[in-house]
Amino acid sequence: MRIAALPLALATLSLVAPSQALAWGGHGHRIIGVAAMEALPDEVPAFLRDPTAAMQVGELSREPDRSKGAGKIHDSNRDPAHFVDLDDAGLVMGGPRFEKPLPPTRADYEALLQAAGTDSWKAGYLQYSIVDQYQQLTLDFAYWRVLVAAEARETDPGRRAWYAQDRALRESLLKTTIGALSHYVADGAQPLHTSVHYNGWGDYPNPQGYTLSRIHGPFEGEFTRAHVSLADLKGAMAPLRVCDCPVEDRAVDYILAGFSKVEPLYALEKAGGLAEGDGRGVAFVLTQTAAGASEVRDLIVEAWRDSADSQVGWRPVKVADVVAGEVDPFESLYSVD
């Protein structure tokens, strides 16, 4: 297998600003999304296990990066969603410790950061991006469950047609939500999206003499595209792991696992492992992209399972009651105010 030289890519992209770096690039995000979808178990809805759905989610997994450049307000609000900068002490830029439990809301998190003289626009809020999209996915699945059950039982042709139409719309929305979840989860597997050392070691104590060069873009872009295929990625994924824990806790554990690979990545670069002819870099990037794809698949399954205990609509109806045929959900779903 041909190993591209990272130094050449560094020379080409040395002027790329940190905020312009796209984790895993288009190729990496695409194949992480596709691999996660193709690894879904039979318990999830069949339309998500269709090859077309996998392809669509792969493209939608790129969308949070493709949306960059829409405008100053848009970008300044959304760019910090892709990272969280942990320092060597495990603090978010010298502020709160990154640990379980998470502050309950972003407002609580923001207050802790501001008390330390920073804010979430500088420090990032990737953990909340993952939780946010997971919760949206759970709700999307809950609506889908209710629509399928109601459509199957409905005898009124007009209402049945509306249920079918809304179910089709929900299926489209589900793929969009999964794409966003896939993107942010994949970001968490890129070690440089979890660290203050996000693009070279920077102005921090550096007794090991790690590189100060801008390695972020070349590592996740050219290097990943050159050496990780969909087939390789699927073969490296872990077995399904459902933790039956709060998603907030799982997000912390997952990001900390990515953070634990920051110094090994810099050590690998120093040892020449990202240079021409050295397979250590290929093994490293394959491990991390596979971790991302595995986590995306696992969270889709967890969201599907959690949705059975959810409620939807206004005024809310319980999914379980609709599925059991105990409640007519039409007015709650159609919003007959």
Side-chain angles (χ1 to χ4, degrees), residues 18 21-25 28-29 31-33 35-36 61 64-65 79-93 96-100 102 109 120 123-134 180-202 204 210 215-221 223-224 228 233 236-238 241 243 245-269 273-274 280-299 302:
L22 312 179
W24 299 127
H29 275 297
I31 63 172
I32 286 171
S61 296
D65 280 344
D79 286 353
H82 298 254
F83 66 88
V84 58
D85 284 347
L86 309 187
D87 63 23
D88 295 334
L91 308 178
V92 184
M93 290 188 70
R97 180 164 295 281
F98 191 81
E99 62 185 359
K100 298 178 286 189
L102 282 178
Y109 174 62
S120 58
Y125 55 88
L126 174 61
Q127 64 276 32
Y128 292 96
S129 303
I130 292 172
V131 174
D132 175 30
Q133 294 303 319
Y134 176 88
L181 176 67
S182 171
H183 185 95
Y184 294 120
V185 170
D187 282 351
Q190 212 287 47
L192 301 180
H193 275 249
T194 69
S195 172
V196 295
H197 310 297
Y198 53 82
N199 205 12
W201 197 256
Y204 297 92
Y210 296 134
I215 66 171
H216 190 131
F219 167 70
E220 68 188 14
F223 193 80
T224 299
V228 182
L233 179 54
M237 289 174 66
R241 183 182 74 87
C243 75
C245 61
V247 66
E248 294 87 348
D249 289 356
R250 181 162 185 155
V252 170
D253 289 340
Y254 174 71
I255 289 173
L256 286 174
F259 176 64
S260 73
K261 301 298 178 63
V262 173
E263 187 161 1
L265 173 57
Y266 276 96
L268 180 66
E269 189 280 336
L274 299 180
R280 290 174 293 174
V282 177
F284 184 94
V285 75
L286 180 60
T287 296
Q288 292 310 112
T289 51
S294 300
E295 187 74 1
V296 174
R297 174 208 55 208
D298 295 354
L299 287 175
E302 290 217 40

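Nearest heavy atom pair, residue Ala81 against residue Tyr184, reads O-CD2, 3.6 Å. Of all heavy-atom pairs between Gln127 and Leu102, the closest is CG-CD2, 3.8 Å. Of all heavy-atom pairs between Asp87 and Val196, the closest is CA-CG2, 3.9 Å. Nearest approach of Pro64 to Ala180, heavy atoms of both residues: CG-CA, 4.4 Å. Scanning both residues, Val285 and Trp24, for their nearest heavy atoms gives CG2-CZ3, 3.4 Å. In plain terms, the two heavy atoms of Thr224 and Gly28 that are nearest each other are CG2-CA, 4.3 Å.
Using modelled atom types, one side-chain atom of Thr289 and one backbone atom of Leu286 make a donor-acceptor pair closer than 3.5 Å. Distance alone, capped at 3.5 Å, is enough to place a donor-acceptor pair between the Gln288 side chain and the Ala189 backbone. A donor-acceptor contact shorter than 3.5 Å is absent between the side chain of His82 and the backbone of His193. With Arg250 contributing its side chain and Glu295 its backbone, the two residues share no donor-acceptor pair below 3.5 Å. With hydrogens and angles ignored, the 3.5 Å screen pairs no side-chain donor or acceptor of Ser182 with any backbone N or O of Val296. Judged by distance alone, with hydrogens and angles left aside, the side-chain atoms of Asn199 form a donor-acceptor pair with the main-chain N or O of Ile215 at under 3.5 Å.
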Could you go step by step and tell me if Phe284 and Phe223 meet the side chain to side chain contact (heavy atoms under 4.5 Å, CB included) rule? CA-CA 11 Å; Phe284 184 94; Phe223 193 80; over 6 Å; no

If you apply the rule side chain to side chain contact (heavy atoms under 4.5 Å, CB included), what do you find for Ile32 with Val185, and how did you get there? CA-CA 10 Å; Ile32 286 171; Val185 170; over 6 Å; no

Report the C-alpha distance between Val262 and Leu86 in whole Å, list the side-chain angles of each, state the deciding distance to 0.1 Å, and finish with yes or no for side chain to side chain contact (heavy atoms under 4.5 Å, CB included). CA-CA 10 Å; Val262 173; Leu86 309 187; over 6 Å; no

List the steps and the verdict of side chain to side chain contact (heavy atoms under 4.5 Å, CB included) for Glu263 and Asp88. CA-CA 10 Å; Glu263 187 161 1; Asp88 295 334; over 6 Å; no

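Interatomic distance, CZ of Arg297 versus CD of Glu302, reported as 11.0 Å (0.5 Å rounding). Rounding to the nearest 0.5 Å places OG of Ser120 at 12.5 Å from CG of Leu126. Once rounded to the nearest 0.5 Å, the distance linking CD of Glu220 with CG of Leu192 reads 7.5 Å. One finds the NE2 atom of His197 at 14.5 Å from the NE2 atom of His216 (value rounded to the nearest 0.5 Å). Atom CZ of Arg97 and atom CG of Leu91 lie 5.0 Å apart (nearest 0.5 Å). How far CZ of Phe83 is from CG of Asp187: 10.5 Å, rounded to the nearest 0.5 Å.
Side chains of Leu299 and Gln133 form no contact here, defined as non-hydrogen atoms less than 4.5 Å apart. At least one side-chain heavy atom of Ile255 sits under 4.5 Å from a side-chain heavy atom of Ile130. When side chains are defined from C-beta on, Val92 does not count as touching Asp85, because their heavy atoms never get closer than 4.5 Å.
Taking the six-membered ring for Trp, Tyr128 and Tyr109 have ring centres closer than 6.0 Å.
Aromatic ring orientation, Tyr210 versus Trp201: tilted (interplanar angle from 30° to 60°).
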